[in-house]
Amino acid sequence: MRMLFTSTPGFGSFHPVVALALAAHETGHEIAFATGAERRSAVERLGFTFIPSGRNAAEMRALTLQRYPDLKLPPVDEAMTKLARRALFGDVYVEAMLPSLLEACASWKPDVLVRAHLTIGGWIAAEE
């Protein structure tokens, strides 16, 4: 089975799905990873196909702060945490990653798309 794993480039999203990808690979599945370019070497060291998706984490953070000037990163309270999640993962990362994720699905043709918990663009791509 061809499995496309997708994650934002942050370690908190990337590492948990790497564990799943390794387990799937060990059982014979073909794995590709769609994530930011800063994770390319890690993906390729693991022997997986790398598909660039989105921008690097620093660029995404800067774009989020530009769009949401009242946002404090790291968040300072629960309300700011909710805003940060919506702004970063529900807006900026979706916009940056979705076009390449849709292209990856069209060209690589995975049987399954596995997304990291906050990679909402992966959810949308899987639905498409």
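Positions are given from 1 along the sequence.
- Taking Ile, Leu, Val, Met, Phe, Trp and Tyr as hydrophobic and joining them when side-chain heavy atoms fall under 4.5 Å apart, one finds L22 in a cluster with M1, M3, F5, F14, V17, V18, L20, I31, F33, V43, L46, F48, F50, V112, V114.
- Criterion: ILVMFWY side-chain heavy atoms under 4.5 Å apart, direct or through other members. Under it, F89 and L101 are part of a common hydrophobic cluster.
- Between L63 and Q66 there is a side-chain heavy-atom pair separated by less than 4.5 Å.
- Side-chain heavy atoms closer than 4.5 Å link hydrophobic residues (I, L, V, M, F, W, Y) into clusters, and following such links, possibly through other members, connects L113 to W108.
- Looking at residues two or more places apart in sequence or on another chain, you find a side-chain hydrogen bond (donor to acceptor under 3.5 Å, both in side chains) between E30 and R2.
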Q: Report the C-alpha separation of L71 and L88 in whole Å, then their side-chain angles, then the decisive distance to 0.1 Å, and conclude whether the side-chain contact (heavy atoms from CB on, under 4.5 Å) test is met.
A: CA-CA 10 Å; L71 181 63; L88 191 57; over 6 Å; no
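- Heavy-atom contacts from other residues, nucleotides or ligands closer than 6.0 Å to CZ of R85 number 12 or fewer.
- Each of T35, T8, T119, T6 was evaluated against S13; a single residue qualifies, T8, per the side-chain hydrogen bond (donor to acceptor under 3.5 Å, both in side chains) test.
- In terms of hydrophobic clustering, with Ile, Leu, Val, Met, Phe, Trp and Tyr side chains grouped at heavy-atom distances under 4.5 Å, M97 and L118 are assigned to a common cluster.
- Residues R86 and D91 form no side-chain contact, since every pair of their non-hydrogen atoms from C-beta on lies 4.5 Å or further apart.
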Q: Verify side-chain contact (heavy atoms from CB on, under 4.5 Å) between L4 and C105, making sure each step is shown before the conclusion.
A: CA-CA 8 Å; L4 175 60; C105 288; 4.2 Å; yes
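- Within the 4.5 Å cutoff, no side-chain heavy atoms of L83 are placed close to those of D70.
- Formation of a donor-acceptor pair under 3.5 Å by the R55 side chain with backbone atoms of M60 is not found in this model.
- The closest donor-acceptor contact from the side chain of R115 to the backbone of H117 lies under 3.5 Å.
- At a threshold of 4.5 Å between non-hydrogen side-chain atoms, the residues Y93 and S53 do not count as touching.
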